[in-house]
Amino acid sequence: MTTATTPSLREESGNAFTLSHLDALEAESVHIFREVAGEFERPVILFSGGKDSIVMLHLALKAFWPAPVPFSLLHVDTGHNFPEVIDYRDRTVARHSLRLHVAHVQDFIDDGRLRERPDGTRNPLQTVPLLDAIETGKFDAVFGGGRRDEEKARAKERVFSLRDEFGAWDPRRQRPELWSLYNGKHAVGEHVRVFPLSNWTELDVWQYIERENIELPQIYYAHERDVFARDGMWLTAGDWGGPKDTETVQRRTIRYRTVGDMSCTGAVDSHAATIADVITEIAASRLTERGATRADDKMSEAAMEDRKREGYF
Amino acid sequence: MSTTTETTSLLRFATAGSVDDGKSTLVGRLLHDSKSVLSDQLEAVEHASRKRGQDVPDLALLTDGLRAEREQGITIDVAYRYFATPNRRFILADTPGHVQYTRNMVTGASTAELAVVLVDARNGVVEQTRRHAAVAALLRVPHVVLAVNKMDLVDYAEPVFATIAAEFTAYATSLGLADITTIPISALAGDNVVEPSAHMDWYGGPTLLEHLETVQVAGASGDEPARFPVQYVIRPQTGEHRDYRGYAGQLASGVLRTGDTVTVQPSGRTTTVAGIDVLGTDTGIAFAPQSITVRLTDDIDISRGDLIAAGTTPLPTKDVEATVCHLHERPLRAGDKVLLKHTTRTVRAIVKEISYRIDIDTLEQRTSAQELNVNDIGHAILRTAEPLALDDYTDNRRTGSFLLIDPADGTTLTAGMAGGTLGTAVAANPEANEANEEDWV
């Protein structure tokens with residue numbers, strides 16, 4: 001693998017070796033990927049083309065080198081994706097000869113299983129196609145890029161998180177998780193959500209992207225774009241239903257801190273054009289990435305917990 | 001916050017204490033004063049505090065993430081929090097003081113390299129303090145900090161601190177805890193948490209954060225025997241790596257080098273390390289806790305669950321004696337058939353005997369018991385269907401620990417720490433046992 005870096009071997013006093021925090025986090029995540037490969041029949045990686053899922057895939061590629069990644073990818077396509085991200089997704093799949101499953105929210109709207117929301121947001125609509133794809137694909141382990149630093153309901157999520165036959169998460173019946181012993185036992189019809197980046201922060205993810213020189217979709221870096229303001233965020237104009245008559249479009253230099261459904265993912269004003277610029281910007285930011293860019297998490301104190309209970313990732 | 005990654009190390013630590021001791025305030029202050037709480041999080045907490053009729057932002061709401069926790073005003077589950085200083089990244093396991101106390105603290109302590117035990121300066125060392133120290137000792141947490149909180153309420157008086165510190169240090173030492181640090185603080189006023197106190201000239205030690213930043217994180221040492229549980233066999237079988245065969249896993253302890261002689265358990269076969277790939281690069285050397293792929297000179301049958309070991313090697317045994325902490329509402333009884341997960345190997349096992357229950361407040365009083373209930377700590381003897389290469393937990397937290405799992409529904413029942421005489425293999429081969437003991441010293 002060409003991007004591999006040798007961890008800095010630091011032999012300290014007393015003949016002891018220690019790892020940098022990025023090496024320690026990487027080692028832990030790789031351990032998690034390999035546990036799943038060893039214990040499950042049909043694992044799948046949720047791959048949105050967002051930075052966390054890109055880092056997940058990068059770690060999986062390293063974990064099984066020189067063999068190919070023994071998992072396929074699953075993308076829930078809201079129909080409101082950024083074209084740059086879909087393009088990135090398809091190039092990545094081709095480059096690593098991966099198998100990609102796509103679940104389309106639009107299909108579910110077309111045949112009446114889902115109904116478009118009045119606000120046009122399709123983020124909450126992803127849960128049904130996701131669970132359907134998991135059931136149809138008979139996936140028993142589903143890797144998600146969720147991090148515990150993102151949101152307070154996620155702070156209590158396990159690395160191996162059991163979901164019942166309805167895909168539901170019950171936070172009060174979680175299995176205690178000790179040492180690095182992950183319990184992946186599940187009944188037929190149940191599946192386990194696995195979060196290899198549980199202990200990473202947004203800054204760790206970016207530092208790792210820098211160290212490993214990982215390519216990201218260009219929308220993560222500062223660029224000019226036609227946007228309009230809604231709920232204190234910059235949204236991209238598009239055929240998903242924005243802007244409304246009262247909202248005016250303007251051209252600004254922005255970047256995205258997260259990548260999701262265009263209808264609820266906001267951009268921030270930014271001139272950070274390189275990875276190093278982004279790291280500097282994040283280190284100085286006074287807002288979390290979800291607080292700055294996700295309308296769906298602003299709905300209520302328990303918005304994320306409620307979505308997770310229903311099977312959201 | 002630093003943007004360079006070269007010199008940043010990682011410290012996992014746990015906090016223990018009840019709400020009354022000011023633990024949430026302390027955690028809130030660590031996060032707040034190290035600038036890890038961002039303004040939208042603080043706004044959300046202020047908003048929620050106002051809704052509850054509180055004037056001051058309740059920093060406990062930063063960590064109480066679940067609806068039930070906020071509704072009941074209690075912390076139910078271990079919460080993991082993340083913050084950083086220029087020198088170190090921290091993972092904090094914040095364990096609640098009341099509900100399911102033992103289960104939560106055992107969980108938090110299992111991965112911690114340091115435990116912060118909090119006491120109220122007005123109350124000193126109480127029963128719960130002794131319990132916190134005992135759990136840290138049982139789980140072999142290498143470093144313990146006693147934070148004597150609310151010093152502002154005892155006029156920052158040195159004798160108050162000195163008495164509590166001496167009593168705690170004596171008790172913790174008797175439990176076998178080696179590295180004990182005591183710090184007088186006021187989480188509410190901010191004394192000695194992040195900033196040095198202006199009220200306690202008599203204290204010359206570090207603030208809590210300074211201590212967390214500088215405490216020596218135990219690295220892997222070449223003196224420890226190498227332990228490598230095999231997770232997965234990598235065999236591409238195609239392309240340029242057609243003949244590649246590597247054993248993937250995370251080094252649980254020690255250092256492994258190309259050329260090392262290793263023993264594979266449970267087969268007992270001996271071979272040599274031909275190469276070590278660290279995620280795609282042949283480095284020739286690796287140390288715990290790196291995730292690596294090991295190539296061997298001999299083509300011997302090795303699969304997931306096997307242990308590759310250098311130096312002294314644990315003898316495979318089917319008889320497991322252990323200190324256990326029961327985690328589930330369903331009691332654990334003699335005769336129960338369970339699954340035992342040890343490193344990367346899961347085997348069937350039967351609970352032969354529940355020997356006794358240990359009083360967690362003293363770690364001494366043993367009462368005979370027929371069963372262990374949730375949050376009980378006790379001693380159990382198990383018999384496994386297949387042999388396990390277990391280390392003593394006191395020697396190796398990773399290869400000495402295991403879980404008991406309900407085979408019917410997959411529930412995690414019990415956490416185990418192997419200890420005592422390691423069963424029949426040892427008894428049948430006393431000489432090997434002696435040799436082992438010498439090498440452990």
Side-chain angles (χ1 to χ4, degrees), chain A residues 1 4 6-9 12 14-25 27 30-31 34-35 37-38 62-68 148-149 152-153 155-156 171-172 174-181 183 185-187 199 201 203 207 211 279-280 283 285-288 291-292 301-302 305, chain B residues 1 3 5-6 8-10 38-41 48 63 65-68 70 76-77 79-82 89 91 103 106-107 110-111 217 219-223 231-232 234-236 241 244 248 250 255 278-281 283 287 289-291 304 327 341 344 397-398 401 403 405 409-412 415:
Chain A
M1 175 175 284
T6 311
S8 42
L9 281 181
E12 296 188 344
N15 197 29
F17 299 89
T18 53
L19 287 175
S20 75
H21 79 287
L22 285 184
D23 287 324
L25 291 170
V30 164
H31 173 77
R34 289 165 167 179
E35 278 302 281
K62 291 183 84 168
F64 299 100
W65 181 94
R148 289 182 184 141
D149 82 318
K152 55 194 173 193
K156 309 229 162 173
R172 299 201 69 162
Q174 300 196 87
R175 293 169 176 169
E177 211 158 59
L178 295 98
W179 298 290
S180 48
L181 291 171
N183 178 359
K185 293 283 173 232
H186 59 282
N199 285 325
T201 64
L203 190 59
Q207 288 175 336
R211 188 186 86 170
I279 290 174
T280 307
S285 173
R286 300 306 302 145
L287 291 176
T288 64
E301 219 177 352
E305 181 178 345
Chain B
M1 209 175 282
T3 57
T5 57
E6 287 304 305
T8 318
S9 57
L10 184 68
L38 301 180
S39 55
D40 56 320
Q41 293 173 307
T63 49
L66 304 175
R67 185 195 297 277
R70 289 191 298 273
I76 293 167
D77 206 345
Y80 293 91
R81 305 293 310 184
Y82 303 85
R89 261 271 280 117
I91 300 177
R103 176 171 81 186
V106 165
T107 302
S110 71
T111 52
V217 180
S221 162
D223 302 336
Q231 277 189 288
Y232 192 76
I234 294 179
R235 292 180 63 200
H241 298 287
Y244 187 96
Q250 188 172 19
V255 179
V278 179
L279 309 179
T281 308
T283 57
F287 55 94
Q290 283 187 301
S291 279
R304 175 175 167 81
L327 307 168
K341 181 164 188 180
T344 56
R397 292 170 84 189
R398 203 147 173 162
S401 54
L403 297 180
I405 295 167
D409 62 4
T411 302
T412 299

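Just so it is clear, the model here is predicted, and its values are computed rather than measured. A note on names: the letters A, B, ... follow the listed sequences, proteins ahead of strands, and every chain is numbered from 1.
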Indicate yes or no: at least one non-hydrogen side-chain atom of [X] is less than 4.5 angstrom from one of [Y].
{"X": "B:Leu327", "Y": "A:Pro176", "value": "yes"}
{"X": "B:Thr412", "Y": "A:Lys185", "value": "no"}
{"X": "A:His21", "Y": "B:Ser9", "value": "no"}
{"X": "B:Arg304", "Y": "A:Glu35", "value": "yes"}
{"X": "A:Trp65", "Y": "B:His241", "value": "yes"}
{"X": "A:Leu19", "Y": "B:Pro289", "value": "yes"}

* Trace of the side chain to side chain contact (heavy atoms under 4.5 Å, CB included) decision for B:Thr111 with A:Ser180 -> CA-CA 8 Å; B:Thr111 52; A:Ser180 48; over 6 Å; no

* **Donor-acceptor pair, side chain of A:Arg175 and main chain of B:Gly410, under 3.5 angstrom** =>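 Such a contact is found between A:Arg175 side chain and B:Gly410 backbone.
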
* Determine yes or no for a side-chain-to-main-chain donor-acceptor pair under 3.5 angstrom, with B:Gln231 supplying the side chain and A:His31 the backbone. => yes

* Asked: Which bit of B:Thr411 is near chain A, if near means a heavy-atom gap under 4.5 Å: side chain, backbone, both or neither?
  -> backbone

* Between B:Ile234 and chain A, which part of the residue has a heavy atom less than 4.5 Å away: side chain, backbone, both or neither? -> side chain

* side chain to side chain contact (heavy atoms under 4.5 Å, CB included) evaluation trace for B:Arg89 with A:Leu22 -> CA-CA 10 Å; B:Arg89 261 271 280 117; A:Leu22 285 184; over 6 Å; no

* Asked: Are B:Arg103 and A:Glu177 ion-paired here, with the side-chain N under 4.0 Å from a carboxylate O?
  -> no

* **Side chain, backbone, both or neither of A:Ala187 within contact of chain B (heavy atoms, under 4.5 Å)** => neither

* Contact leader toward chain B among A:Ala67, A:Pro66, A:Ala37, A:Ala24, where contacts are heavy-atom pairs under 4.5 Å ->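 The residue among A:Ala67, A:Pro66, A:Ala37, A:Ala24 with the greatest pair count is A:Pro66.
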
* Test side-chain hydrogen bond (donor to acceptor under 3.5 Å, both in side chains) applied to A:Asn199 and B:Tyr80, step by step -> CA-CA 8 Å; A:Asn199 285 325; B:Tyr80 293 91; over 6 Å; no

* Taking every heavy-atom pair that is under 4.5 Å apart, which of B:Thr344, B:Ile91, B:Ile405 has the most such pairs with chain A? ->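 Ranked by contacts with chain A, first place is B:Ile405.
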
How far apart are the closest heavy atoms of [X] and [Y], and which atoms are they?
{"X": "A:Trp179", "Y": "B:Ser110", "answer": "N-OG, 2.8 Å"}
{"X": "B:Ser291", "Y": "A:Val30", "answer": "CB-CG1, 3.6 Å"}
{"X": "B:Leu403", "Y": "A:Leu178", "answer": "CD2-CD1, 4.1 Å"}
{"X": "B:Ala79", "Y": "A:Lys156", "answer": "CB-CE, 3.4 Å"}

* Can you measure from OH (B:Tyr82) to CG (A:Asp149) and round to the nearest 0.5 angstrom? =>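 Interatomic distance, B:Tyr82 OH to A:Asp149 CG, rounded to 0.5 Å: 7.5 Å.
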
* To do: May I have the step-by-step check of side chain to side chain contact (heavy atoms under 4.5 Å, CB included) for B:Gln290 and A:Phe17, ending in yes or no?
  => CA-CA 11 Å; B:Gln290 283 187 301; A:Phe17 299 89; over 6 Å; no

